[in-house]
There are 2 protein chains.
Amino acid sequence: MAANSRFAVAAHVLSLLHIHEGGRITSEYIAGSVNTNPVVVRRIMGMLNKAGLVQTSPGVAGATLARPIDEITLLDVYRAVQPEDGSLFAIHDNPNPDCRVGRNIQVTLDTAFTRAQQAMERELAGMTMEEVCLDIVNRP
Amino acid sequence: MAANSRFAVAAHVLSLLHIHEGGRITSEYIAGSVNTNPVVVRRIMGMLNKAGLVQTSPGVAGATLARPIDEITLLDVYRAVQPEDGSLFAIHDNPNPDCRVGRNIQVTLDTAFTRAQQAMERELAGMTMEEVCLDIVNRP
DNA sequence: CACGCCTGTAACTATAATGATCACAACTTA
DNA sequence: TAAGTTGTGATCATTATAGTTACAGGCGTG
């Protein structure tokens, strides 16, 4: 469970909120669908709330989507639940500045890694939660 | 240090091997440039060896590139040092099969996540270690 | 208004990945 | 043979994540 499944859980939560729109589903109900603990759901809903994707109110069940479902991209969801600096790849610290490779490797790799990450993010930005929900309801 | 910097270290190692081609650099020398422990370097060289990117011999210093530097892509390097199943994003286990969302979320997200990962990998596949080395030596 | 339900959070635990380090067997070469 | 090197197992510290308990505070219905 060290792998980061928050992205997937967040997409799951948003799908449920959309499909049950109007109703009032509790974190306990959502947790039952995700198969996890209600607190985990509330934590992720908190991140989605901070990111402006949903609106929640303390004490009242049933968060609402803060935006039309077709205006929430997977990139929005991904970024909402990434607390770190958002870098997909890490670069080792303090390479030897007395070595030409050590001196320049960080800048060089940062450029390359950024390109790769942006390609991934462009793809995520091209998919919306509406498509995800449609795909879900069109399956048996 | 939980972030995975093996990809960056592997690129660093390959750059050193190319730039010092013909010479015999030890894992200790490489570790000095990377700023880590020689054992860490040897382990990563072992993965590069298994992936067919370098050739090493027990007891003898100075691994050699197993392929021309311009035929080693960053995707090759990335894959060489990813021991896991290679998935960029994790999906939570055992969602509730009695719920339409829980029943289908895994397949749906797997499709979307695969698309994003493939976009990233295509970008990595478009960059070679030759370009990385050129960029390094062209810097002060 | 009182009670019950729900959210938001802090605190703690368990698990896993990673990197650093020590130790040592096996191999190469001078 | 001796020195140096690789390959690898074992251990430890650090960190991220998820699961869980506990509880303060908000909300709404009776």
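Proteins get letters first, then strands, A, B, ... in listed order; numbering begins at 1 in each.
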Quick check against the 3.5 Å criterion: does [X] have a side-chain atom that pairs as donor or acceptor with the backbone of [Y]?
X: B:Arg103; Y: A:Pro140; value: yes
X: A:Gln106; Y: A:His92; value: yes
X: A:Asn138; Y: A:Asp135; value: no

> Are the side chains of B:Tyr78 and B:Thr73 in touch, meaning some heavy atoms are under 4.5 Å apart?
Replying inline: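 Result no, sub-4.5 Å side-chain heavy-atom pair not found.
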Rounded off to whole Å, could you give me the [atom1]-to-[atom2] distance for the [X] and [N] pair?
X: A:Arg42; N: C:dT7; atom1: CZ; atom2: C1'; answer: 6 Å
X: B:Lys50; N: D:dT8; atom1: NZ; atom2: C1'; answer: 10 Å
X: A:Met47; N: D:dA16; atom1: CE; atom2: C1'; answer: 12 Å
X: A:Gln55; N: C:dT7; atom1: CD; atom2: P; answer: 16 Å
X: B:Asn4; N: D:dT17; atom1: CG; atom2: C1'; answer: 16 Å
X: A:Gln82; N: D:dT17; atom1: CD; atom2: C1'; answer: 12 Å
X: B:Ile44; N: D:dT8; atom1: CD1; atom2: C1'; answer: 15 Å

>> Quick check on DNA chain D: between B:Gly62 and A:Asn35, whose nearest nucleotide comes earlier from the 5' end?
In response: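 It is B:Gly62, whose closest nucleotide lies nearer the 5' terminus.
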> For DNA chain D, whose closest nucleotide is more 5', that of A:Arg43 or that of B:Arg43?
Replying inline: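 Whichever sits nearer the 5' end wins; that is B:Arg43.
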From [options], nucleotide with atom closest to [X] side chain:
X: B:Val60; options: C:dT21, C:dT28, D:dA22; value: C:dT28
X: B:Val40; options: C:dC22, D:dT6, C:dA20; value: C:dA20
X: B:Thr56; options: C:dG8, D:dG7, D:dT8; value: D:dG7
X: B:Val39; options: C:dC6, D:dG9, D:dT21; value: D:dG9

>> On DNA chain C, compare the nucleotides closest to A:Pro58 and B:Asn37; which residue's is nearer the 5' end?
In response: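 Its nearest nucleotide lies further toward 5', so the answer is A:Pro58.
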> Which atom pair, heavy atoms only, marks the closest approach of A:Ile25 to A:Leu17?
Replying inline: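 Result for this residue pair: CD1-CD2, 3.8 Å.
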> Taking only N and O in the side chain of B:Arg6, is any of them less than 4.0 Å away from OP1 or OP2 of C:dT18?
Replying inline: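 So the side chain of B:Arg6 is within the cut-off, an N or O lying under 4.0 Å from OP1 or OP2 of C:dT18.
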> Would one find a side-chain N or O of B:Ser5 under 4.0 angstrom from OP1 or OP2 of C:dG19?
Replying inline: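 B:Ser5 to C:dG19 OP1/OP2: side-chain N or O found under 4.0 Å.
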>> Using a strict heavy-atom distance below 4.0 Å, which residues from residues 10-32 of chain B are in contact with DNA chain C?
In response: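 Correct list: empty, so none.
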>> A:Glu130: which residues meet the side chain to side chain contact (heavy atoms under 4.5 Å, CB included) condition with it, sequence neighbours left out?
In response: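 Scan of A:Glu130 (side chain to side chain contact (heavy atoms under 4.5 Å, CB included), adjacent residues dropped) gives A:Ile69, A:Asp70, A:Thr128, A:Leu134.
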> For B:Cys99, which of A:Ile19, A:Leu16, A:Val34 qualifies under side chain to side chain contact (heavy atoms under 4.5 Å, CB included)?
Replying inline: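 Passing option: A:Leu16.
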